[in-house]
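Contents: one structure, followed by commentary.
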Amino acid sequence: LVLVNIPAVILASKGISVLTLFLVADLVCATATLPVFLGLITKDIGPIPAPTELGAFLGVWSGIGTVLYMDKIGQATMNASDVTLISQSGH
């Protein structure tokens, strides 16, 4: 239980917005839901084979990685647009 709280304490010390944390948590859960439920299928459905446990596990982690990567890109784009807007306004 202590290991779960360590990332929370680190993020809290950085002063990140609570809304941002909830948004990222919701996106991570949403990306993990489909691979987890697909991993519960044990029979082939027509020409589509049932996913393996490894496939479901990798699907969850690739979804989480995509959310975190897109978050970094969004922050970089937002910071670049802020600089552009400031330089155009002359302040």
Side-chain angles (χ1 to χ4, degrees):
L1 192 59
V2 173
L3 293 176
V4 174
N5 288 328
I6 291 173
V9 170
I10 292 170
L11 289 174
S13 67
K14 291 184 178 183
I16 299 173
S17 167
V18 174
L19 291 175
T20 303
L21 290 175
F22 277 122
L23 175 65
V24 171
D26 288 344
L27 288 173
V28 167
C29 289
T31 58
T33 302
L34 186 63
V36 167
F37 284 131
L38 287 176
L40 297 174
I41 298 173
T42 57
K43 296 181 182 177
D44 294 345
I45 302 173
I48 302 171
T52 61
E53 292 85 5
L54 178 64
F57 180 75
L58 293 176
V60 168
W61 282 106
S62 65
I64 291 171
T66 301
V67 168
L68 296 176
Y69 180 73
M70 293 304 291
D71 179 49
K72 291 296 179 191
I73 289 177
Q75 287 177 357
T77 305
M78 186 172 61
N79 291 339
S81 66
D82 291 344
V83 170
T84 304
L85 291 175
I86 291 171
S87 65
Q88 288 176 351
S89 65
H91 290 90

For the hydrophobic clusters of this structure (ILVMFWY residues joined by side-chain heavy atoms under 4.5 Å, transitively), does one cluster hold both L40 and I45?
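No; I45 is not reachable from L40 via cluster members.
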Find out if a path of hydrophobic residues (ILVMFWY) with successive side-chain heavy-atom gaps under 4.5 Å connects V60 to F37.
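Per the 4.5 Å side-chain linkage, V60 and F37 are not co-clustered.
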Looking only at non-hydrogen atoms, find the nearest pair between I41 and A50 and report the distance.
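Smallest heavy-atom distance, with atoms named: O-CB, 3.7 Å.
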